[in-house]
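Heads up, the thing below is written out as structure tokens.
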Amino acid sequence: MAKDTRDRLTAAALRLFREEGYQATTMRRIADEAGLSLGNAYYYFSGKEELVHELYLSVQREHRDTALPRLVDGAPLADNLRAVLHAGLDVMTPYHGFGTTFVQQALPVSSPASPFSAESGGARAMAVDLMDHVVASSKVRMPGGLRDRLPDLLWLLYLGVTLHWVVDPSPAQQRTRSFVDRLAPVVSKAVALSRLPVARGLVDDVVALTQHSSGSLR
């Protein structure tokens with residue numbers, strides 16, 4: 001029963017955020033849309049910020065479910081990475097008008113909506129696991145240390161693509177789509193070059209940096 005009520009409130013909030021905007025949506029409006037009292041809404045969610053976190057979780061789940069069938073075993077890393085990044089953009093498209101507000105809510109690490117917050121640990125793990133599927137399904141060779149950290153790096157890359165998408169004013173965010181098409185082959189080439197002896201020191205530095213960063217998120 002409690003889960004059903006939370007789901008109703010979450011669905012109502014996401015629909016209103018998408019259709020009417022974050023600022024115009026109040027907790028009372030969300031409660032009315034869900035057919036509940038305002039007090040009942042506040043019993044399940046402390047406010048709109050917590051519901052933004054639910055949006056983040058929802059988007060991550062839908063991204064995973066959309067992207068996994070698009071991965072091709074044995075395909076080049078560039079192809080699988082491109083497919084997953086485009087899947088993320090497909091899922092986020094209905095929320096573009098809400099994107100700037102979401103970023104404003106997510107920027108403070110203290111916010112539960114932040115991708116780096118403790119509350120977002122489950123969504124973050126889900127996103128990194130998706131990138132691990134990208135690497136595992138692709139035909140690519142690299143040093144073992146980089147293989148272990150590459151999913152984290154690709155997740156950070158995805159966050160960068162998301163920021164690009166948020167501020168993209170082009171029709172249907174085509175600039176971001178073109179950026180993804182150019183970015184994926186560059187990342188694939190960089191990973192391939194990591195096997196060269198001349199790149200060993202740089203790879204070690206990148207691995208150490210991501211290990212330090214990942215440790216601070218746990």
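Reckoned from all heavy atoms, side chains included, excluding hydrogens, waters and symmetry mates.
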State, to 0.1 Å, how close Arg64 and Leu130 come at their nearest heavy-atom pair, and which atoms those are. CA-CD2, 4.2 Å
Does the His96 side chain pair with the main chain of Trp165, one donor and one acceptor, at a distance under 3.5 Å? yes
Short N-O contact, Arg82 and Asp79, less than 4.0 angstrom: yes
Closer than 3.5 angstrom, by distance alone: can the side chain of Arg6 be matched with the main-chain N or O of Tyr44 as a donor-acceptor pair? yes
Looking at His63, is its backbone amide N or carbonyl O close enough to the side chain of Thr66 to form a donor-acceptor pair, meaning the two atoms are under 3.5 Å apart? no
Measuring only between side-chain heavy atoms, which start at C-beta, is Met92 closer than 4.5 Å to Thr176? no
Following the transitive rule for hydrophobic clusters with a side-chain heavy-atom cut-off under 4.5 Å over Ile, Leu, Val, Met, Phe, Trp and Tyr, establish whether Leu68 and Val72 coincide in one cluster. no
Report yes if the side chains of Leu157 and Leu183 come closer than 4.5 Å at any heavy-atom pair, otherwise no. yes
Spacing of Leu16 atom CG and Leu51 atom CG [to the nearest 0.5 Å]: 10.0 Å
Could you pull out the closest heavy-atom pair between Met131 and Trp155, with the gap in Å? CG-N, 3.8 Å
Quick one: closest heavy-atom pair of Asp152 and Asp148, and the distance? OD2-O, 4.1 Å
The reported gap from CG in Leu77 to CE in Met142 (rounded to nearest 0.5 angstrom) is 6.5 Å
With rounding to the nearest 0.5 angstrom, report the CD to OH distance, Glu119 to Tyr56. 12.0 Å
For Phe116, does its backbone N or O pair with a side-chain atom of Ser120 as donor and acceptor, under 3.5 Å? no
State, yes or no, whether a side-chain contact exists between Val161 and Leu89 at a heavy-atom distance under 4.5 Å. yes
Less than 3.5 Å apart, any donor N or O on the side chain of Glu50 or Ser46 sitting next to an acceptor on the other? yes
Which atom names give the shortest non-hydrogen contact between Ala127 and Gln60, and what distance separates them? CB-OE1, 3.3 Å
Please determine, by modelled atom types, if His133 and Asn80 share a side-chain donor-acceptor pair under 3.5 angstrom. no
Same apolar cluster: Met126 and Leu153, side chain cutoff 4.5 Å: no
Is a side-chain donor or acceptor of Arg175 paired with a backbone partner of Asp168 at a separation under 3.5 angstrom? no
Checking Ser137 side chain against Leu71 main chain: does a donor-acceptor pair fall under 3.5 Å? no
Hey, are the side chains of Val91 and Asp65 touching, using non-hydrogen atoms and a 4.5 Å cut-off? no
Leu38 reachable from Phe17 in the ILVMFWY side-chain graph, under 4.5 Å edges: yes
Check whether any side-chain N or O of Thr162 sits under 3.5 Å from a backbone N or O of Tyr158 as a donor-acceptor pair, and report yes or no. yes
Between atom OG1 of Thr10 and atom CZ of Arg15, what is the distance when rounded to the nearest 0.5 Å? 11.0 Å
Run Arg147 and Val191 through side-chain contact (heavy atoms from CB on, under 4.5 Å) and show every step you take. CA-CA 9 Å; Arg147 171 62 184 86; Val191 171; over 6 Å; no
How close do Ala31 and Leu9 get, counting heavy atoms only, and between which atoms? CA-CD2, 4.4 Å
Classify the ring geometry of Phe179 against His164: parallel below 30°, tilted from 30° to 60°, perpendicular beyond 60°. parallel
Which distance, rounded to the nearest 0.5 Å, do you find between the CD of Glu19 and the CG of Leu14? 11.0 Å
Could you check whether any side-chain heavy atom of Pro115 comes within less than 4.5 Å of a side-chain heavy atom of Leu159, counting everything from C-beta outward? yes
Distance check, rounded to the nearest 0.5 Å: Arg70 atom CZ versus Leu85 atom CG? 11.0 Å
Determine the minimum heavy-atom distance between Ala12 and Ile30, stating which atoms define it. CB-O, 3.9 Å
